[in-house]
Amino acid sequence: MSLPLRVKLVDVGPRDGLQNEKQMVPAAVKIELVQRLQNAGLKEIEVTSFVSPKWVPQMADASEVMRGIRRQSGVRYSVLTPNMKGFEAAIAAPRAEWPDEIVVFGAASEAFSQRNINCSIAESIERFRPVVEAARAHGIDVRGAMSCTVGCPYEGEIAPERVGMLAGLMKGIGVQRVDVADTIGVGTPRKVRRAMEATLQHYDIDHVSGHFHDTYGQALANTLASLEMGVWNFQSSVAGLGGCPYAKGATGNVASEDVVYLLDGMGIETGIDLDKLIDAGQFISDHLQRKPNSRAATAILAKRAG
Ligand SMILES: CC(C)(COP(=O)([O-])OP(=O)([O-])OC[C@H]1O[C@@H](n2cnc3c(N)ncnc32)[C@H](O)[C@@H]1OP(=O)([O-])[O-])[C@@H](O)C(=O)NCCC(=O)NCCSC(=O)C[C@@](C)(O)CC(=O)[O-]
């Protein structure tokens with residue numbers, strides 16, 4: 001398989017990146033981050049999640065953030081909705097404030113499903129079914145995030161067959177595309193390839209994306225392995241923000257800046273301006289009073305400083 005000529009990157013920083021932050025990030029800062037990401041050329045941004053504020057307090061301002069973002073034409077905005085309550089909250093606003101896409105999120109691990117969304121895998125699919133139907137009926141696209149596709153913090157290694165089973169269940173309820181997520185960043189290229197292959201039994205290559213956390217420093221290798229399979233949709237987080245509240249010790253997603261540096265260097269088109277992306281990462285890192293967790297950003301910022 002030849003490498004894709006272009007890649008679509010979804011920046012999940014405002015959602016996956018910030019959901020685990022201890023300090024509450026004001027809605028205005030989240031809105032400004034979305035603005036800076038779209039100014040940098042991101043065409044898809046995962047903005048927030050409509051989940052229980054008791055479970056994830058950082059996302060309690062989901063409606064305010066969706067109301068506040070200044071939409072640009074050609075940019076798609078997605079939000080997580082684990083159940084009908086979340087979906088109804090996401091569309092309680094005027095149509096102009098609806099998400100373009102909602103994300104239902106399941107897991108290939110039973111234990112993670114219980115800890116993350118308080119139900120079994122089978123129950124999660126039954127909860128998602130009406131959400132998917134309602135979203136499609138409202139003209140909203142549906143993505144399915146599949147967590148723990150190579151490893152689980154509670155169950156250890158996850159067999160590809162379980163990933164295939166989850167992908168089949170997602171397909172069965174009408175989920176249009178899925179993310180193969182290495183939630184705790186334990187994957188290495190062969191394992192990630194097997195999880196991708198299991199998913200590709202149910203979805204075509206255009207509807208599968210890679211979502212890699214960088215806990216063990218393998219995310220770029222896993223990105224390259226997926227590119228070599230023809231995968232051209234990826235998720236990443238500006239400044240390498242993030243971690244999942246129900247996956248202790250897991251670090252953030254691979255930094256968007258590092259992925260863009262990799263793709264630029266390989267001549268693969270993203271439409272993203274790396275300098276502006278680094279500025280967006282610097283903006284949120286300044287707010288959080290830490291340095292961007294991106295090797296490329298660190299190197300380029302050092303060069304800029306002379
Ligand atoms: C799914 C639930 C809600 C089930 O939680 P539950 O307790 O089983 O839900 P419930 O239906 O029994 O309701 C309990 C309470 O929550 C409320 N509630 C119920 N639903 C909602 C909602 N949508 N929005 C707001 N409130 C809600 C509901 O109204 C009720 O309130 P109370 O009567 O006690 O005051 C809960 O487990 C939850 O919110 N979990 C969130 C987990 C989460 O956001 N995790 C992080 C995202 S996943 C992730 O990061 C992985 C990913 C996607 O990035 C990919 C990867 O890397 O793996």
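One is the number of the first residue; the rest follow in order along the sequence. In each ligand, atom 1 is the first atom listed, and ligand 1 is the first ligand listed. Quantities reported herein were computed from a predicted structural model and do not represent experimental measurements.
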Any ion pair linking R36 and E32 (charged N to carboxylate O, less than 4.0 Å)? yes

Strictly under 4.0 Å, does any heavy atom of [X] approach an atom of ligand 1?
X	answer
M146	no
P53	yes
M59	no

Relative to the ring of H138, is the ring of F87 parallel (under 30°), tilted (30 to 60°) or perpendicular (over 60°)?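 The rings of F87 and H138 stand perpendicular, inter-plane angle above 60°.
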
Does ligand 1 have a heavy atom under 4.0 Å from the side chain of N116, from its backbone, from both, or from neither?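 Answer for N116: both.
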
Could you list the atoms of ligand 1 found under 4.0 angstrom from a heavy atom of G86? 23 (N)

State the atoms of ligand 1, each with its element, that fall below the 4.0 Å cut-off from a heavy-atom position in V56.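 What qualifies from ligand 1 is 43 (C), 44 (O).
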
Establish, yes or no, whether the cationic atom of K171 lies under 6.0 Å from the six-membered ring centre of Y203 and within 45° of the ring axis.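 Relative to the ring axis of Y203, which defines the angle, K171 lies inside both limits.
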
For [atom], which candidate among [options] provides the closest heavy atom?
atom	options	value
atom 31 (O) of ligand 1	K54, M84, H211	K54
atom 5 (O) of ligand 1	F50, F212, W55, F105	W55
atom 16 (O) of ligand 1	G17, C152, S52, G144	S52

Assess, by modelled atom type and distance only, whether the side chains of E97 and Y77 contain a donor and an acceptor separated by less than 3.5 Å.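 Side-chain D/A pair, E97 to Y77: absent.
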
